[in-house]
Amino acid sequence: MDQGSIARILKQVSGGGDEIQQLQKALLDYLDENTETDASLVFSRKFYIAQWFRDTTMETEKAIKSQKDEDSSEGTHHAKDVETTGQIMHRAENRKTFLRNIIKTAPSQFSTLKMNSDTVDYEDACLIVRYLASMRPFAQSFDIYLTQ
C-alpha cells in the first residue's frame, strides 16, 4: 500500500471522524460524482454502504460476545477488556450514524454537500478500495488461510 498517497488523500479530505470514515466518505463522493458516466457506480455505492454497515454490526457483535466470554472466565484483565469493548461500541455507533446520514441524504443533496471534486481521482479511488479491503478480517488473515 502507498501510505504516502493515503496520507495525501486524508489531508485533502477534511472532516471529522477516524481515517476509515474519511476514506469511506471520499470513496462515496467519488462514486456519487461519477454515476452519470457509469450507472453501475450507483449499485457499487449502495453495496459499499451496506457492506460497511454490516461490518460495523459484526464488529459490535464480536465485541459483545468477547465481553460475555470474558465475564464467564472472570479474568484479571476484565476492566481493560470492558473499556476496549466500550470504545469499539462507541466507534461502531459513530460509523453507523455516519452511514445512516449518508443513506438518508438524497443524491441531489449529497452532491451539494461534496467537498472539492478534485480530491479523489480514479487511481486514488482504487487505492482507497484496496486499503479499505486490506482492513477486512479476511484480508488480514489471508496468510493463515494459505498456510492451512
A.B. asks: Any side-chain heavy atom of L127 sitting closer than 4.5 Å to one from E123?
C.D. replies: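 When only atoms from C-beta onward are counted, E123 and L127 do not touch, as no gap falls below 4.5 Å.
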A.B. asks: Look up atom SG in C126 and atom CG in L27, then write down how far apart they are to the nearest 0.5 Å.
C.D. replies: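 With rounding to 0.5 Å, SG (C126) is 9.5 Å from CG (L27).
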A.B. asks: Can a donor-acceptor pair be found, under 3.5 Å and without considering hydrogens, that links the side chain of N34 to the backbone of Y30?
C.D. replies: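 Present.
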A.B. asks: Assigning hydrophobic clusters by single linkage (Ile, Leu, Val, Met, Phe, Trp, Tyr; side-chain heavy-atom cutoff under 4.5 Å), is V129 placed with F47?
C.D. replies: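 Yes; F47 is reachable from V129 via cluster members.
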A.B. asks: With heavy-atom distances below 4.5 Å as the criterion, would you say the side chains of K11 and R8 are in contact?
C.D. replies: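 No, their side chains stay 4.5 Å or more apart.
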A.B. asks: Please determine whether side chain to side chain contact (heavy atoms under 4.5 Å, CB included) holds for the pair R54 and Q51, giving the CA-CA distance in whole Å, both sets of side-chain angles, and the decisive distance to 0.1 Å.
C.D. replies: CA-CA 5 Å; R54 180 186 169 277; Q51 187 65 43; 3.6 Å; yes
A.B. asks: Give the minimum heavy-atom separation between I49 and L99, together with the two atoms involved.
C.D. replies: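 Closest heavy-atom pair between I49 and L99: O-CD1, 4.1 Å.
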A.B. asks: Excluding sequence neighbours, so at least two apart, what forms side-chain hydrogen bond (donor to acceptor under 3.5 Å, both in side chains) with E61?
C.D. replies: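 Listed in chain order: nothing, the list is empty.
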A.B. asks: Taking the side chain as every heavy atom from C-beta outward, state whether T60 and I88 have any pair of such atoms under 4.5 Å apart.
C.D. replies: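 Not touching, per the 4.5 Å side-chain cut-off.
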A.B. asks: Would you indicate whether the side-chain heavy atoms of D29 and V120 approach each other to under 4.5 Å?
C.D. replies: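 Not in contact.
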A.B. asks: Which residues satisfy the salt bridge (charged side-chain N to carboxylate O under 4.0 Å, His left out) test with R100, sequence neighbours excluded?
C.D. replies: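 For R100, no residue satisfies salt bridge (charged side-chain N to carboxylate O under 4.0 Å, His left out) once neighbours in sequence are set aside.
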A.B. asks: Working to the nearest 0.5 Å, report the span between CD1 of I103 and NZ of K96.
C.D. replies: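 Those atoms lie 11.5 Å apart.
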A.B. asks: Compare all side-chain heavy atoms of M89 with those of I64 and state whether any distance is below 4.5 angstrom.
C.D. replies: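 In contact.
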A.B. asks: State yes or no: do I6 and M135 share one hydrophobic cluster built from I, L, V, M, F, W and Y residues joined by side-chain heavy-atom distances below 4.5 Å, directly or via other members?
C.D. replies: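 Yes.
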A.B. asks: Kindly give the heavy-atom pair with the smallest separation between L132 and W52, and that separation in Å.
C.D. replies: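 For L132 and W52, the tightest heavy-atom pair comes out as CD1-CZ2, 3.7 Å.
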A.B. asks: For A26 and I128, which heavy atoms make the closest approach, and how far apart are they?
C.D. replies: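 Scanning both residues, the minimum pair turns out to be CB-CD1, 4.0 Å.
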A.B. asks: Are the side chains of F43 and T35 in touch, meaning some heavy atoms are under 4.5 Å apart?
C.D. replies: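 Side-chain contact under 4.5 Å: no.
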A.B. asks: Any chance you could measure E33, atom CD, to L41, atom CG, to the nearest 0.5 Å?
C.D. replies: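 One finds 11.0 Å between CD of E33 and CG of L41.
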A.B. asks: Knowing that exactly one of R95, R91, Q24 qualifies, which makes a side chain to side chain donor-acceptor pair (under 3.5 Å) with D18?
C.D. replies: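 For D18, the side chain to side chain donor-acceptor pair (under 3.5 Å) check succeeds only for R95.
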A.B. asks: Hey, are the side chains of Q22 and I9 touching, using non-hydrogen atoms and a 4.5 Å cut-off?
C.D. replies: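 No, side chains not in contact.
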A.B. asks: Report yes if some heavy atom in the side chain of D55 is under 4.5 Å from a heavy atom in the side chain of E59; otherwise report no.
C.D. replies: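 No; the side chains remain at least 4.5 Å from each other.
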